[in-house]
Amino acid sequence: MAKNITPRNEDYSKWYTDVIIQAKMADYSPVKGSMVIRPTGYAIWELIQQNLDKMFKETGHVNAYFPLLIPESFMEKEAEHVEGFAPECAVVTHGGGKKLEENLYIRPTSETIIWSMYKKWIMSYRDLPILINQWANVIRWEMRTRLFLRTSEFLWQEGHTAHETAEEAEEETLKMLNVYKKFAEEYLAIPVIAGKKSDSEKFAGAVHTYCIEAMMQDKKALQAGTSHNLGQNFAKAFDVQFQAKDGERKFVYATSWGVSTRLIGALIMTHSDDNGLVIPPKLAQRPVVIIPIFKNDDEKVKVMAFADSIFAELKEEYNVIMDDREKHKPGFKFAEWELQGIPIRIEIGPKDVEKNHVVMVRRDLMKKEFIGRDVIFETVKKQLAQMQVDLLEKARIFREENSFNVDNYDELKKIVTNEEGFVYAHWCGSTECEEKVKTETKATIRCIPFDREEEKGVCICCGKDSDRRVVFAKAY
RNA sequence: CGGGGUGUAGCGCAGCCCGGUUAGCGCACCUGCCUUGGGAGCAGGGGGUCGGAGGUUCGAAUCCUCUCACCCCGACCA
């Protein structure tokens with residue numbers, strides 16, 4: 001089944017692309033490295049936005065919009081920042097048919113433009129904290145791109161906050177990381193490891209970077225969200241000071257945090273199968289499809305009457321699709337809606353009408369079950385909730401089965417080079433050891449996880465003392 | 001930027017080595033009939049500056065030169 005989709009075990013990355021193209025989630029645009037997000041894909045993004053936005057508001061944040069174009073001089077103010085981003089920026093040199101006095105960068109992220117504005121807005125401790133988020137597009141000139149995972153232009157949200165103290169900034173950074181973790185697990189049904197990035201993996205200009213990391217079905221790691229404690233680096237670069245209660249002038253403390261359309265790639269690579277997309281119910285704009293089946297007018301009248309009543313009942317709460325197209329046979333429709341990842345399919349034929357039941361199939365289980373007419377609504381509700389839970393649990397089990405505690409270097413090397421999963425190993429904290437592992441095995445330290453207990457050991461690389469394990473894996 | 005590959009209908013390809021009817025096939029699309037419990041069938045139909053430029057030749061999708069684009073694999077990244 002599922003023609004046009006390469007099976008996962010044959011070629012995982014081909015499978016990934018096939019699912020996206022066949023499910024009409026996205027398409028290649030005329031410009032290399034950028035993509036068109038089609039309605040099926042964008043519907044998922046809309047639900048990501050709506051639900052995350054709600055969580056941001058609940059934690060006291062407000063939305064704003066800062067412009068796309070950034071003066072070149074701004075980029076140069078924060079040394080680490082410009083070093084980190086300059087090579088991957090698109091730059092506008094002409095406007096109105098003339099060469100510009102000053103080049104304009106298309107934002108790769110908005111720290112600089114935002115901090116130039118915060119300088120104007122922050123005078124006193126009474127102006128703090130500032131808790132602003134924006135939903136925007138950004139451009140990073142990537143060398144190698146992949147649909148949703150890495151495109152030159154992508155959609156994201158970036159939160160930028162300003163605080164009186166270092167403690168408040170740290171608290172905010174972790175609070176938002178937790179929001180991401182909660183969202184990933186409750187909505188995307190993707191189990192994630194929350195932790196801290198090593199110095200070499202942290203954001204250009206940050207003091208600390210925290211992240212959530214997920215395991216994809218090919219056992220590689222994908223960073224699904226980041227939260228940065230920027231300390232006073234941007235405040236100093238943009239001279240953002242405030243007068244404290246005690247009258248003293250101080251630099252503010254900053255954070256920034258973001259997730260992007262990459263989450264859609266994570267969702268695909270976590271749940272989907274060889275039949276196509278699988279969408280967690282909470283992110284399915286259209287969670288149910290009804291497929292009536294009949295072969296003559298007589299049957300049609302009976303089946304449609306039955307189907308319409310069910311449609312009307314479910315429509316009260318769900319955005320149900322009634323697929324009554326007569327030019328396609330049922331088998332075609334089954335395959336098509338499976339490809340699109342619709343969580344629940346209801347089949348209604350003459351035999352079902354007679355027996356006063358329907359056939360219901362959950363996208364993740366693909367098993368047909370008869371459901372009595374009077375319990376359809378509650379069964380849909382129950383199954384959608386259960387599917388949401390099951391997807392997360394299935395992914396969690398998969399991750400645990402492919403995570404290993406490792407205490408010798410050869411074994412680490414064997415596991416990561418064979419792409420067998422995540423390796424929890426001791427690390428002394430030095431960049432040299434991290435670098436060595438990276439060059440020899442291509443695995444990076446994904447994060448220093450929060451939820452692991454401290455444990456005495458020795459660095460897998462140099463043998464020095466270590467008090468916790470970190471996660472090594474090949475990453476996207 | 002290195003290594004490899006591909007450009008022929010919307011998509012996927014054959015034809016090219018060895019030049020010669022009106023450039024072909026599958027899918028998709030349109031019309032009609034017929035069908036409907038896992039991607040139906042039949043009949044008819046529309047759609048091409050063969051990536052671009054130049055050259056060789058009586059004649060080029062095919063041979064030669066140049067050029068452009070894209071894809072895959074490696075060095076950067078959410």
Side-chain angles (χ1 to χ4, degrees), chain A residues 1-5 11 13-14 17-18 21-22 24 27-33 83-89 108-109 136-158 180 197 200-204 206 209-214 221-228 256-266 275-276 291-300 303-304 323-339 345-355 358-359 361 366 368 370 438-439 442 444 446 475-476:
Chain A
M1 243 192 284
K3 10 176 188 178
N4 306 329
I5 295 184
D11 184 342
S13 70
K14 184 78 167 40
T17 309
D18 286 349
I21 300 297
Q22 297 301 326
K24 299 190 169 76
D27 206 347
Y28 293 102
S29 88
V31 177
K32 178 181 161 66
E83 205 180 303
F85 278 111
E88 52 179 281
C89 284
T109 176
N137 58 338
V138 290
I139 287 188
R140 300 181 186 176
W141 216 257
E142 301 291 351
M143 296 188 232
R144 268 188 72 192
T145 56
R146 294 191 66 192
L147 295 170
F148 288 114
L149 293 180
R150 188 173 299 107
T151 45
S152 290
E153 178 181 1
F154 58 90
L155 304 182
W156 76 346
Q157 63 58 223
E158 43 181 328
Y180 289 155
K197 281 293 187 193
S200 66
E201 296 275 329
K202 80 173 192 210
F203 175 70
T209 288
Y210 300 106
C211 64
I212 51 173
E213 294 282 332
L222 183 78
Q223 181 172 312
T226 50
S227 185
H228 315 289
S256 70
W257 26 273
V259 296
S260 71
T261 36
R262 168 180 262 201
L263 289 179
I264 297 172
N275 293 308
I291 300 177
I293 299 159
F294 47 80
K295 53 172 169 281
N296 54 48
D297 281 350
D298 191 40
E299 284 183 1
K300 179 177 172 182
V303 168
M304 285 315 297
D323 188 355
D324 54 5
R325 293 174 296 174
E326 291 188 37
K327 64 173 294 196
H328 291 297
K329 295 181 65 169
F332 177 88
K333 296 179 184 179
F334 299 163
E336 189 173 72
W337 294 115
E338 275 160 12
L339 179 59
R345 175 175 79 238
I346 293 173
E347 305 170 11
I348 303 171
K351 286 179 259 172
D352 301 310
V353 177
E354 217 167 280
K355 293 175 184 158
V358 298
V359 173
V361 186
M366 302 278 271
K368 300 199 181 201
F370 295 112
K438 187 176 173 179
T439 46
K442 307 245 164 117
T444 50
R446 300 319 305 152
Y476 274 95

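Numbers restart at 1 for each chain; the letters A, B, ... are given by sequence-line order, proteins then strands.
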Can you give me the dot-bracket string for RNA chain B, 5' to 3', counting Watson-Crick and G-U wobble pairs with both distances under 3.5 Å, using [ ] for crossing pairs and | for partners on another strand?
((((((((.[[[[.)....(...]]]].(((((.......))))).....[[[[[..)....]]]]])))))))....
In terms of side-chain geometry, is the basic nitrogen of A/Lys300 or A/Glu326 positioned less than 4.0 Å from the acidic oxygen of its partner?
yes
Would you mind classifying the nucleic acid contact of A/Lys333 as base, sugar-phosphate or nothing, using non-hydrogen atoms under 4.0 angstrom?
nothing
Can you tell me how far apart CD1 (A/Ile264) and CG (A/Leu155) are? Round to the nearest 0.5 Å.
8.0 Å
If you measure from the Lys or Arg side-chain nitrogens to the Asp or Glu carboxylate oxygens, is any gap between A/Glu338 and A/Lys333 under 4.0 Å?
no
Do the rings of A/His328 and A/Phe332 sit parallel, tilted or perpendicular, given the 30° and 60° boundaries?
parallel
Indicate, with a heavy-atom threshold strictly under 4.0 Å, whether A/Asp352 touches base, sugar-phosphate, or nothing.
base
By the 4.0 Å heavy-atom rule, please label A/Ile291 as base, sugar-phosphate, or nothing.
nothing
Measuring centre to centre across the rings, with the benzene-like ring taken for any Trp, is A/Phe203 within less than 6.0 Å of A/Phe85?
yes
Determine whether a donor-acceptor pair (N or O, by modelled atom type, separation under 3.5 Å) exists between the side chain of A/Arg262 and the backbone of A/Gln223.
yes
Considering every strand and a 4.0 Å limit on heavy-atom distances, what is the contact class for A/Lys442: base, sugar-phosphate, or nothing?
sugar-phosphate
Closest of B/U36, B/G39, B/A78 to the A/Ala335 side chain is B/G39
